[in-house]
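Down below is the structure, laid out as structure tokens.
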Amino acid sequence: MLARGLARRCPVCGQGRLFRRWFTMVERCPGCGLRFERIEGHWVGSLGMNTIVSFCVLFVVVVGGLVLSHPTYRMAPLVLTAGLTAVVVPLAFFPSSRTLWTAIDLLMRPLEPGEVQGGADPGRRD
Ligand SMILES: [Zn+2]
């Protein structure tokens, strides 16, 4: 389920093409009918996860840049790279953060009856 989410696919059925544009997600999965915004405020989790991932990548870039530029510490390339990272990573990760967050949400709050068509229930543990 997490791999499907990371691949920008529906965590329940694996359906792709969930985004009309990079930032525009369909309301419901065309495969199973899952409404992605399961509760009001659902996307706050994906925003938080995107922020955490972006800061982790930025941290690695800054520390890696400092280590690689030791002992001269040329700041201009490092600041430029860090700035690009801070802009590009959250934008690039945006769609995956939404579907991955939906997968995490489904692991924490399994599907309830009627949420999808066809009775797919990845939360069932029997
Ligand atoms: Zn689906």
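Heavy atoms only: backbone and side chains are in, while hydrogens, waters and symmetry mates are out. We count residues from 1, following the sequence as given. Start at 1 and go down the list; that is how both ligands and their atoms are numbered.
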If Ile, Leu, Val, Met, Phe, Trp and Tyr residues are connected whenever their side-chain heavy atoms lie under 4.5 Å apart, and connections chain through other members, are V89 and L80 in the same group? no
Polar side-chain atom of W101 near backbone of H42 as donor-acceptor pair, under 3.5 Å: yes
Distance-only, no hydrogens or angles: does the R8 side chain make a donor-acceptor pair with backbone N or O of P95 under 3.5 Å? no
Cut-off under 2.8 Å, centre the Zn ion (ligand 1), protein N/O/S atoms: C10 SG, C13 SG, C29 SG, C32 SG
Does any part of the side chain of V62, heavy atoms only, come nearer than 4.5 Å to the side chain of T81, both counted from C-beta? no
F94 and N50, any side-chain heavy atoms less than 4.5 Å apart: yes
Got a salt bridge between R35 and E27, using NZ or NE/NH1/NH2 to carboxylate O under 4.0 Å? yes
